[in-house]
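A short write-up of the structure that comes next.
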Amino acid sequence: MKKKTGMSKVREPRPHAKAASGRTSRSVTKANFRPSPQADLTAKPKVMEWELRLYVAGNTPNSTAAFSNLSQICETHMGGRYRIEIIDLLRSPQLASGDQIIAIPTLVRRLPTPIKKIIGDLSNTERVLVGLDLKPTRSASASTRS
């Protein structure tokens, strides 16, 4: 009788039935893990992208001003790393419930988290930057100096 040494043999994975896609599935263990040839292990992490939603009601002056102000702020302070989705609640009112919109125009910052909301035409640039966490508040920066 052989004495058990506590080491187990690495077994080859058993082939499984073909999946619906026609590929043979197999279990992956440490012993047989190999990254796919398409995997780029030297890829740099993706640059943070801002995902913004602007809720408007038609082509009103406030809605137009909000979009214009938002576009200018994004170009100036986000350097092309943003996506703006315009949602017209006159065409799709059911979409207001998803972000709990109670006033328009409303800007919702979806990414980066946490979600933030700014109501109004976004004409006060300083307030919008603070609301989006792009610039610290004056009171916070003043208190850190002393």
Side-chain angles (χ1 to χ4, degrees), residues 7-146:
M7 294 183 62
S8 61
K9 289 178 18 179
V10 175
R11 290 188 282 178
E12 291 296 316
R14 290 188 244 154
H16 297 282
K18 286 195 173 200
S21 65
R23 292 182 170 174
T24 304
S25 62
R26 63 183 176 96
S27 60
V28 177
T29 62
K30 261 186 167 177
N32 66 6
F33 173 75
R34 289 188 190 110
S36 67
Q38 295 87 11
D40 184 7
L41 300 176
T42 61
K44 295 179 182 176
K46 195 174 185 179
V47 176
M48 181 178 68
E49 187 172 294
W50 295 75
E51 185 177 311
L52 306 168
R53 282 187 183 167
L54 182 62
Y55 288 89
V56 296
N59 198 13
T60 64
N62 275 346
S63 298
T64 306
F67 177 68
S68 175
N69 292 332
L70 178 61
S71 297
Q72 184 179 8
I73 290 168
C74 289
E75 280 301 313
T76 305
H77 299 280
M78 294 179 190
R81 298 173 295 133
Y82 65 91
R83 226 176 354 186
I84 299 173
E85 182 180 3
I86 306 292
I87 298 177
D88 187 354
L89 295 179
L90 291 180
R91 293 184 183 165
S92 306
Q94 71 277 8
L95 296 177
S97 64
D99 282 320
Q100 299 174 345
I101 302 303
I102 57 171
I104 46 176
T106 297
L107 174 65
V108 178
R109 182 186 84 175
R110 308 274 301 166
L111 290 175
T113 55
I115 293 174
K116 297 211 174 205
K117 296 178 186 177
I118 303 171
I119 298 172
D121 67 358
L122 311 176
S123 59
N124 185 337
T125 304
E126 179 75 21
R127 197 168 175 186
V128 174
L129 293 175
V130 169
L132 293 174
D133 286 339
L134 284 171
K135 195 173 189 179
T137 62
R138 289 181 186 166
S139 60
S141 60
S143 65
T144 56
R145 289 185 206 158
S146 43

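Side chains included, hydrogens not; waters and symmetry mates left out as well; all remaining heavy atoms used.
Looking at heavy atoms from C-beta onward, L134 lies in side-chain contact with M78 at the 4.5 angstrom threshold. Looking only at side-chain heavy atoms (C-beta outward), F67 and I86 come within less than 4.5 Å of each other. When side chains are defined from C-beta on, V128 does not count as touching N69, because their heavy atoms never get closer than 4.5 Å.
The number of heavy atoms from other shown groups lying within 6.0 Å of CD (E85) is above 12.
C74 approaches L52 most closely through the heavy-atom pair SG-CD1, 3.6 Å. The heavy-atom pair separating A66 from G120 by the smallest distance is CB-O, 4.0 Å.
T76 places a side-chain N or O within 3.5 Å of a backbone atom of Q72 that can act as its donor or acceptor partner. Remark: the backbone N or O of N59 is not paired with any side-chain donor or acceptor of S63 at under 3.5 angstrom.
Residue pairs meeting the salt bridge (charged side-chain N to carboxylate O under 4.0 Å, His left out) criterion with at least one partner in residues 113-125, sequence neighbours excluded, are K116-D133.
Checked against salt bridge (Lys or Arg N to Asp or Glu O under 4.0 Å), E75 has no partners two or more places apart in sequence or in another chain.
The CG atom of L70 sits 4.0 Å away from atom CD1 of I84, with the distance rounded to the nearest 0.5 Å. Distance check, rounded to the nearest 0.5 Å: OG1 of T125 to CD1 of I73 gives 4.5 Å.
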For residues 100-113, which side-chain donor-acceptor pairs fall under 3.5 Å, sequence neighbours excluded?
residue	atom	partner	partner atom	Å
T106	OG1	A103	O	2.4
R109	NE	P112	O	3.1
R109	NH1	L132	O	2.8
R109	NH2	P112	O	3.3
R109	NH2	P114	O	2.9
R110	NH1	D99	OD1	2.6

